[in-house]
Structures are given as C-alpha cells and as structure tokens.
Amino acid sequence: MTGRTSREIIEQTEKFGAHNYHSKEVVIIKGQGARVTDPEGREYFDMLSAYSALNFGHRHPEIVAAAKEQLDKVTLTSRAFHSELLGDFCEKLGALTGKQMVLPMNTGAEGVETALKTARRWGNFVKGVKDGKQNIICCRNNFHGRTISIITMSTDETARKGFAPFTDGFTVVDYGDPEAVERAITDDTVAFLFEPIQGEAGIIVPPDGYLAAVREICTRRGILMIADEVQTGFARTGDMFACMHENVTPDVYVLGKALGGGIMPVSAVVADRDVLGVFDAGSHGSTFGGNPLACAVALKAMEILVRDDYPAMAREKGARFVKALRGIHNDEIKEIRGRGLLIGVEFTRDASDYVAKLASCGVLAKETHESTIRFAPPVNIPDEELDEACDRIRRALER
Ligand SMILES: *Cc1c(COP(=O)(O)O)cnc(C)c1O
C-alpha cells in the first residue's frame with residue numbers, strides 16, 4: 001500500500017496493534033544515513049537512532065550489501081547444524097572485547113537473561129553457592145529489558161504493575177555508589193549487573209571512579225562484574241565499550257542493539273572460558289541466535305567500527321554537538337550531560353513540548369523520564385549534517 005497519509009497509518013496501527021508504546025506522531029517510511037522521510041515527504045534528522053541500534057545510520061551501504069549477499073546463500077540453519085559464519089562472528093567479537101567466548105542471542109533482553117543464567121550457573125558450579133540461593137545485585141533505575149525476570153529488577157512501577165509474581169534472587173542498590181554494592185554482597189552473591197551509563201533512566205553518568213571501584217570490589221569479593229552495554233557499547237560513548245572510559249574490563253559483557261548493524265536483532269553475551277564454559281549442550285539456546293544472516297551483518301558492522309574508528313568519531317562529533325548545545329540560550333535547560341554521542345539535555349520541566357517543537361523543526365528525538373531529551377544520532381553522521389541538525393535544534397529550543 002502506498003500513498004497513505006501519516007494519519008491513516010497511525011490510526012490503523014493504533015486500531016490493530018497493542019498499545020504498549022506511546023509513539024510520537026511521526027511515520028518513517030524511508031531512511032538513509034541520519035535522515036528519514038515521512039509519507040508527506042517531510043525530512044527529519046534521526047537523533048534517536050533507535051536507542052543506539054542505528055550507530056551506523058539507516059541502511060549503511062556496506063552492511064546492506066553484506067546482508068544481500070548472505071540472503072542469496074543461506075539465512076537460517078538453527079543450531080541443530082553448524083553454519084559457516086558463526087565461528088567468524090564469535091572470534092571477531094571475542095577479539096573486539098578481549099574475551100574468549102561468545103554466546104549469540106537476538107534481542108538485548110535475551111542477552112541479559114542469558115547473562116543472568118550465566119551468573120547463576122557460575123555461582124553454583126564454580127563458586128559453590130547452593131542452587132536456588134544465587135543472588136544478583138542490580139541498580140536502582142536500571143533498564144535491562146522487558147522479560148519477567150528482568151522487570152523483577154526494575155524499580156519503575158509502570159514496567160512492573162500487574163505482572164507479578166516476579167523472580168527471586170535480586171538485590172537493588174543505589175546507582176553510582178560503590179559502597180552500596182560492597183554492603184549488599186553476601187556469601188550467596190554471584191554477580192553485580194549494571195549499565196556503565198544509565199540510558200533509559202535519563203543518561204545518568206556515574207561519578208568518576210565508579211566503574212574502577214566496582215571492578216575492584218567484584219574482584220576482591222569474588223563475584224562477576226556484568227556490564228549491560230546493549231546501549232552504550234560499540235562506540236556510542238566515545239570508547240568501543242563504555243567501561244573502557246575507566247580502563248575497566250567487566251567479567252561479562254551483554255551486547256546488542258548496534259551489533260545488528262541496524263538491520264537485524266543480534267545480541268550476545270561475551271566472557272572468558274571459565275565463565276561461559278558453564279553452559280553445556282541443552283542448557284540454553286535460541287532458534288535464531290547466531291543465524292547466518294545475523295552473523296553476516298554483525299561481522300560487517302564490527303569491521304566498519306574498527307576500520308573507520310567509530311569511537312574517535314563519537315568523541316569528536318560528540319564534542320562538536322555538546323558545544324553547539326551549550327550555545328543555546330534557554331533558562332529551562334537545567335543540565336547537558338553524557339559522553340561521546342550519548343547526550344541528555346535535562347529541562348526544569350516536562351520536555352514533551354520541546355520534543356514536538358524539535359519534530360516540527362525536522363529533528364527526531366524523544367524524552368526519557370519526562371524532563372530529559374536524549375540525543376544520540378548515528379555515530380557516522382557527517383559534520384555538515386550534524387551542524388544543520390544543531391541549527392534546527394537551536395531554532396526549536398532557544399527562548
Ligand atoms: C535496549 C536495552 C536492553 C533491551 O534490549 P531489547 O533488544 O529491547 O530487548 C537492555 N539493556 C539496555 C541497557 C538497553 O538499552
């Protein structure tokens with residue numbers, strides 16, 4: 001169907017689709033790089049990038065070509081059989097993270113679930129915690145996905161209401177406070193799960209030294225440090241992984257979003273053999289996890305990340321962006337924070353009017369937690385386009 005208006009498309013979606021999202025009133029029918037177009041031919045800069053799943057922009061030509069090439073060979077085998085690219089994918093992602101083993105899944109939530117299972121099994125098999133007693137420490141205002149176990153960790157009532165009974169085995173501590181982690185550890189603690197920057201909570205950057213302090217505590221107390229880098233990973237914050245900002249290596253990485261190159265859901269848990277080795281045949285799996293099409297796009301995405309030095313791009317373009325944002329005069333802007341190209345602009349009030357103004361000026365962004373607008377354009381946005389986007393943002397936000 002072509003030629004339909006945005007209104008018609010939105011009405012149909014609202015009528016037949018469940019209302020588990022309150023999407024902005026913009027319909028995207030085409031995307032290229034950092035630009036998207038709606039049915040009426042209006043053009044926007046995409047400054048959300050599908051929550052960092054589009055670090056390479058829309059339809060990166062080389063990733064699209066890799067997908068097309070694989071579409072002509074084989075797309076799905078299941079793990080009942082071997083496929084050609086899974087070994088390449090695991091080896092390359094292992095090299096990128098400095099880890100020995102990779103377990104492929106599809107969505108970020110599945111990656112987090114896999115990390116929880118990893119930690120519990122490691123706790124039982126390696127650390128000797130009684131099965132059923134394993135406890136995982138997580139952080140207030142976390143976002144790790146939407147499954148039942150994951151929302152058990154959530155402190156956001158909207159995400160939890162009506163979904164009980166929940167899962168046992170989690171302890172919540174304040175984010176940004178290493179002492180709180182230390183105090184929460186017991187003999188049954190197997191892991192500490194955290195986001196190096198809390199994205200959905202409103203781009204909350206922890207105090208300097210937090211990651212290093214938590215690393216030291218996890219090592220000394222013999223628990224796994226699990227970094228959920230689903231949103232922060234793959235150059236978004238100006239380092240290949242956000243933990244690198246403090247030269248910290250977690251025991252386990254959970255990765256997703258950008259790993260799929262903007263084309264496929266691809267996620268993974270990455271760790272050394274003494275940790276991921278706890279899985280044996282039949283203990284975990286996924287029909288689509290590590291499928292040939294996913295491996296083809298992820299391999300190309302990782303090649304581009306390194307070859308084109310995406311971390312440097314995120315640092316340079318992030319600095320350019322923040323400088324432009326700081327030049328905007330608006331006494332309702334409370335704080336501009338973030339790292340690399342993951343930037344939050346916090347207002348003294350609900351920011352949804354500003355989000356609507358941004359859209360009418362041709363900039364797509366979305367507020368998180370009412371008062372903070374997240375800006376996270378594709379990492380490879382050309383400087384001229386970034387400057388143009390900044391002009392439009394100034395027009396929308398200046399008072
Ligand atoms: C998006 C996100 C997830 C969940 O990923 P899905 O692919 O939506 O399941 C998990 N953790 C973090 C930090 C995220 O930003």
Side-chain angles (χ1 to χ4, degrees), residues 90 93-94 97-105 108-140 142 144-145 147-154 166-175 177-196 206 210-230 241 243 246-255 267-286:
C90 294
L93 185 53
T97 50
K99 297 288 182 193
Q100 294 168 336
M101 270 187 158
V102 171
L103 199 164
M105 297 294 283
E110 286 176 316
V112 171
E113 284 279 345
T114 302
L116 299 178
K117 288 173 79 172
T118 304
R120 286 181 177 187
R121 229 185 206 210
W122 175 86
N124 179 234
F125 286 15
V126 179
K127 195 178 172 183
V129 176
K130 190 167 181 291
D131 198 14
K133 290 289 180 196
Q134 301 97 320
N135 190 276
I136 294 168
I137 300 171
C138 56
C139 296
R140 201 171 309 289
N142 68 72
H144 297 295
T147 67
I148 297 275
S149 284
I150 291 173
I151 62 167
T152 300
M153 295 184 278
S154 178
F166 297 113
T167 315
D168 286 335
F170 299 102
T171 301
V172 179
V173 301
D174 284 340
Y175 185 66
D177 178 7
E179 305 292 311
V181 178
E182 177 101 55
R183 279 195 303 274
I185 296 174
T186 71
D187 290 346
D188 293 331
T189 305
V190 296
F192 173 59
L193 169 67
F194 70 102
E195 300 156 82
Y210 178 63
L211 303 174
V214 159
R215 173 67 278 180
E216 187 278 321
I217 292 165
C218 290
T219 304
R220 178 163 45 77
R221 303 293 297 269
I223 66 171
L224 297 177
M225 180 184 189
I226 306 179
D228 179 347
E229 294 235 23
V230 170
F241 300 101
C243 284
E246 293 188 17
N247 292 316
V248 160
T249 309
D251 298 298
V252 180
Y253 284 103
V254 188
L255 303 170
S267 67
V269 170
V270 188
D272 278 338
R273 197 161 283 115
D274 58 343
V275 176
L276 264 185
V278 297
F279 287 105
D280 48 1
S283 61
H284 194 51
S286 163

Is there a side-chain contact between [X] and [Y] (heavy atoms, below 4.5 Å)?
| X | Y | result |
| --- | --- | --- |
| Asp177 | Arg183 | yes |
| Val278 | His284 | no |
| Thr186 | Thr171 | no |
| Cys243 | Phe194 | yes |
| Val275 | Lys99 | no |

Check the pair Val214, Val248 against side chain to side chain contact (heavy atoms under 4.5 Å, CB included), reporting the backbone distance first and the verdict last. CA-CA 9 Å; Val214 159; Val248 160; over 6 Å; no

Work out which heavy atom in [X] is nearest to a heavy atom in [Y]; give both atom names and the distance.
| X | Y | answer |
| --- | --- | --- |
| Ala191 | Ile226 | CB-CD1, 3.6 Å |
| Met101 | Gly277 | SD-N, 4.0 Å |
| Ser149 | Leu116 | CB-CD1, 4.3 Å |
| Asp274 | Val126 | O-CG2, 4.1 Å |
| Gly222 | Trp122 | O-CH2, 3.5 Å |
| Ala271 | Leu276 | N-CD1, 3.8 Å |

Return the orientation label for the Phe241 and Tyr253 ring planes: parallel under 30°, perpendicular over 60°, tilted otherwise. tilted

Of Val102, Val270, Val252, Thr249, which meets side-chain contact (heavy atoms from CB on, under 4.5 Å) against Thr97? Val270

What is the distance from atom [atom1] of [X] to atom [atom2] of [Y], rounded to the nearest 0.5 Å?
| X | Y | atom1 | atom2 | result |
| --- | --- | --- | --- | --- |
| Leu193 | Cys139 | CG | SG | 7.5 Å |
| Arg120 | Ile136 | CZ | CD1 | 5.5 Å |
| Phe166 | Ile148 | CZ | CD1 | 7.0 Å |
| Ser283 | Arg121 | OG | CZ | 4.5 Å |

The side chain to side chain donor-acceptor pair (under 3.5 Å) partners of Arg221 (sequence neighbours excluded) come to Glu182

Residues Lys127 and Asp188 bridged, charged N to O under 4.0 Å: no

Can you confirm whether more than 12 heavy atoms, excluding those of Asp187, are under 6.0 Å from its CG atom? no

Is it the case that atom CG in Asp174 sees more than 12 heavy atoms from other parts of the structure closer than 6.0 Å? yes

Between [X] and [Y] (side chain of the first, backbone of the second, donor and acceptor by atom type, cut-off under 3.5 Å), is there such a pair?
| X | Y | result |
| --- | --- | --- |
| Gln134 | Val190 | no |
| Asn124 | Lys130 | no |
| Ser154 | Ile150 | no |
| Tyr175 | Glu195 | yes |
| Asn142 | Met153 | yes |
| Asp272 | Gln100 | yes |

Sorted by chain and residue number, the side chain to side chain contact (heavy atoms under 4.5 Å, CB included) partners of Ser267 (sequence neighbours excluded) come out as Met105

